[in-house]
Amino acid sequence: MMFIHFDGHFDGSSGRRVQSSGIAKTGSANCANCANSLEVTLLVIFDCDGVLVDSEPLANASFSRALKAQGLDWSAEETIRRLMGLSLKSALEICEAEIGRKLPDDFLEKMQAVTYQSFRDAPLLPVAGVKEAVLALQAAGVVTCVASSGTPEKMRFTLGLTGLWDLFDGRIFSASQVPRGKPFPDLFLHAAIAMDVQPFECTVVEDAVPGVQAARAAGMRALAYAGAPHAHREALQAAGGRLFDDMKQLPDLVLS
């Protein structure tokens with residue numbers, strides 16, 4: 001199949017192509033293999049929870065307590081292991097299957113209220129070094145965006161609370177915008193189309209196995225942040241992610 005190759009550059013803040021050569025090259029029909037051989041990334045797609053904001057321990061502690069009240073005795077660690085990286089819709093379906101009944105209609109609303117308050121109280125912080133990494137990529141002309149399983153409302157809250165919203169304003173995509181969440185490729189492909197970039201020109205930064213699987217299924221390079229204590233290193237690598245432990249490494253990994 002034919003892939004369009006772009007020899008120009010991007011305005012990192014606007015996401016617009018500045019110059020294009022229109023050169024075409026022949027690529028493999030296997031986009032995942034194609035993504036592995038790339039040397040140039042034009043768009044970096046960031047997951048939100050656990051990659052931009054250090055929300056996973058707080059959110060899963062809240063989720064665990066809410067589930068225990070419904071008879072599902074999962075620890076926060078078990079909740080992370082089973083549900084991390086999935087859309088909230090998928091996570092709730094899994095929990096309901098375990099319990100054997102539907103959760104109360106107000107379950108999500110009450111849990112989210114408690115979770116958001118825990119974010120305020122902690123307070124929720126950015127992942128160490130990620131703001132500097134994003135700014136370095138943007139300064140190098142790389143376009144950045146966010147594509148998360150979280151809702152737009154949740155991302156506005158968490159990115160706003162941590163001072164990261166303005167870095168991505170207007171370039172934030174949610175699984176609620178596509179038919180299928182991670183590990184399906186729909187969300188990342190939606191982001192690439194919206195940003196006018198082809199999949200093989202994208203690098204995804206993820207911390208969860210479903211996200212890495214989604215990136216690889218979309219034909220994109222996957223960098224797997226494994227700096228958190230709960231990171232599933234072996235599973236992330238097995239899914240096709242290139243492991244890294246410090247956000248200070250990210251600009252060099254993307255640009256090398």
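Computation of the quantities below employed the complete heavy-atom set of this structure, encompassing side-chain atoms and omitting hydrogens, waters and symmetry-equivalent molecules.
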State, with a plain yes or no, whether a side-chain heavy atom of Leu92 is found less than 4.5 Å away from one of Phe107.
yes

Say whether Leu164 and Tyr116 are linked into one hydrophobic cluster, either directly or through other cluster members, by side-chain heavy-atom distances under 4.5 angstrom.
yes

Taking Gln213 for its side chain and Ala239 for its backbone only, find out whether a donor-acceptor pair lies under 3.5 Å.
no

State whether the side chain of Glu109 and the backbone N or O of Asp106 hold a donor-acceptor pair below 3.5 Å, judged by distance alone.
no

Give a yes or no answer on whether the side chain of Ser64 reaches the backbone of Trp74 with a donor-acceptor pair at less than 3.5 Å.
yes

Would a distance-only check, ignoring hydrogens and angles, find a side-chain to backbone donor-acceptor pair under 3.5 Å from Arg171 to Thr144?
yes

Look at atom CG of Asp105 and say whether more than 12 heavy atoms of other residues, nucleotides or ligands are closer to it than 6.0 Å.
no

Heavy atoms of Ala208 and Gly85 approach each other most closely as CB-CA, 3.6 Å

Exercise: identify the closest heavy-atom pair between Cys145 and Met195
SG-CG, 4.3 Å

Pairwise distance CZ(Arg221) to OG1(Thr41) - rounded to 0.5 angstrom:
5.0 Å

Does a donor on one side chain and an acceptor on the other come within less than 3.5 Å for Asp121 and Gln117?
yes

Is there a path of hydrophobic side-chain contacts, each under 4.5 Å between heavy atoms of I/L/V/M/F/W/Y residues, joining Val44 to Leu159?
yes

Close side-chain approach of Phe184 to Val178, heavy-atom, < 4.5 Å:
no

Are the side chain of Thr115 and the backbone N or O of Ala59 linked by a donor-acceptor pair below 3.5 Å?
no

Gln138 versus Leu167, closest heavy-atom pair with distance:
NE2-O, 3.1 Å

Just verifying a value: how many Å separate Arg81 CZ and His230 NE2, rounded to the nearest 0.5 Å?
14.0 Å

Pro126 versus Lys131: any side-chain heavy-atom pair under 4.5 Å?
no

Assign the ring pair Phe119 / Phe157 to parallel, tilted or perpendicular, where the plane angle (0 to 90°) is split at 30° and 60°.
parallel

Please lay out, stage by stage, how Gln112 and Leu88 fare under the test side-chain contact (heavy atoms from CB on, under 4.5 Å).
CA-CA 11 Å; Gln112 290 286 57; Leu88 196 51; 3.9 Å; yes

Set out, in order, the CA-CA distance, both residues' side-chain angles and the distance that settles side-chain contact (heavy atoms from CB on, under 4.5 Å) for Leu43 and Glu201, then state yes or no.
CA-CA 7 Å; Leu43 173 67; Glu201 298 170 322; over 6 Å; no

Quick check for you: to the nearest 0.5 Å, what is the distance between Arg233 atom CZ and Asp245 atom CG?
4.0 Å

Taking salt bridge (charged side-chain N to carboxylate O under 4.0 Å, His left out) as the cut-off, I'd like each qualifying pair that reaches into residues 175-186, sequence neighbours left out, listed once.
Asp47-Lys182, Arg180-Asp186, Lys182-Glu206

Can you measure from OG1 (Thr158) to CG (Leu52) and round to the nearest 0.5 angstrom?
8.5 Å

Should Phe188 and Leu236 be counted in the same cluster of Ile, Leu, Val, Met, Phe, Trp and Tyr side chains packed under 4.5 Å apart?
no

Should Val205 and Leu135 be counted in the same cluster of Ile, Leu, Val, Met, Phe, Trp and Tyr side chains packed under 4.5 Å apart?
yes

Give a yes or no on whether Phe173 and Leu189 share a hydrophobic cluster (residues Ile, Leu, Val, Met, Phe, Trp, Tyr; joining criterion: side-chain heavy atoms under 4.5 Å apart).
yes

Between CZ of Phe63 and CE of Met111, what distance do you get to the nearest 0.5 Å?
4.5 Å

Quick one: salt bridge (charged side-chain N to carboxylate O under 4.0 Å, His left out) pairs with a partner in residues 137-159, sequence neighbours left out?
Asp49-Lys154

Taking C-beta and beyond as the side chain, do Val127 and Phe46 meet within less than 4.5 Å on heavy atoms?
no

Does a side-chain heavy-atom distance below 4.5 Å link Val51 with Met247?
yes

Taking every non-hydrogen atom, the tightest pair across Ala136 and Pro251:
CB-CG, 3.9 Å

Ser55 OG to Leu125 CG distance, which is reported to the nearest 0.5 Å:
11.0 Å

Carefully, step by step, assess Leu86 and Ser149 under the rule side-chain contact (heavy atoms from CB on, under 4.5 Å).
CA-CA 6 Å; Leu86 298 174; Ser149 294; 5.8 Å; no

Walk me through whether Val143 and Val197 qualify under side-chain contact (heavy atoms from CB on, under 4.5 Å).
CA-CA 10 Å; Val143 184; Val197 177; 5.8 Å; no

Looking at every heavy atom in both Ile45 and Ala147, which two are closest together, and how far apart are they?
CG2-CB, 3.5 Å

Looking at Pro152, is its backbone amide N or carbonyl O close enough to the side chain of Gln177 to form a donor-acceptor pair, meaning the two atoms are under 3.5 Å apart?
no

What residue pairs, at least two apart or across chains, pass salt bridge (charged side-chain N to carboxylate O under 4.0 Å, His left out) with a residue in residues 82-91?
Glu78-Arg82, Arg82-Glu98, Lys89-Glu93

Which heavy atom in Gly241 sits nearest to a heavy atom in Val212, and how many Å separate them?
N-CG1, 3.4 Å

Would one find more than 12 heavy atoms of other residues, nucleotides or ligands at under 6.0 Å from atom NZ of Lys110?
no

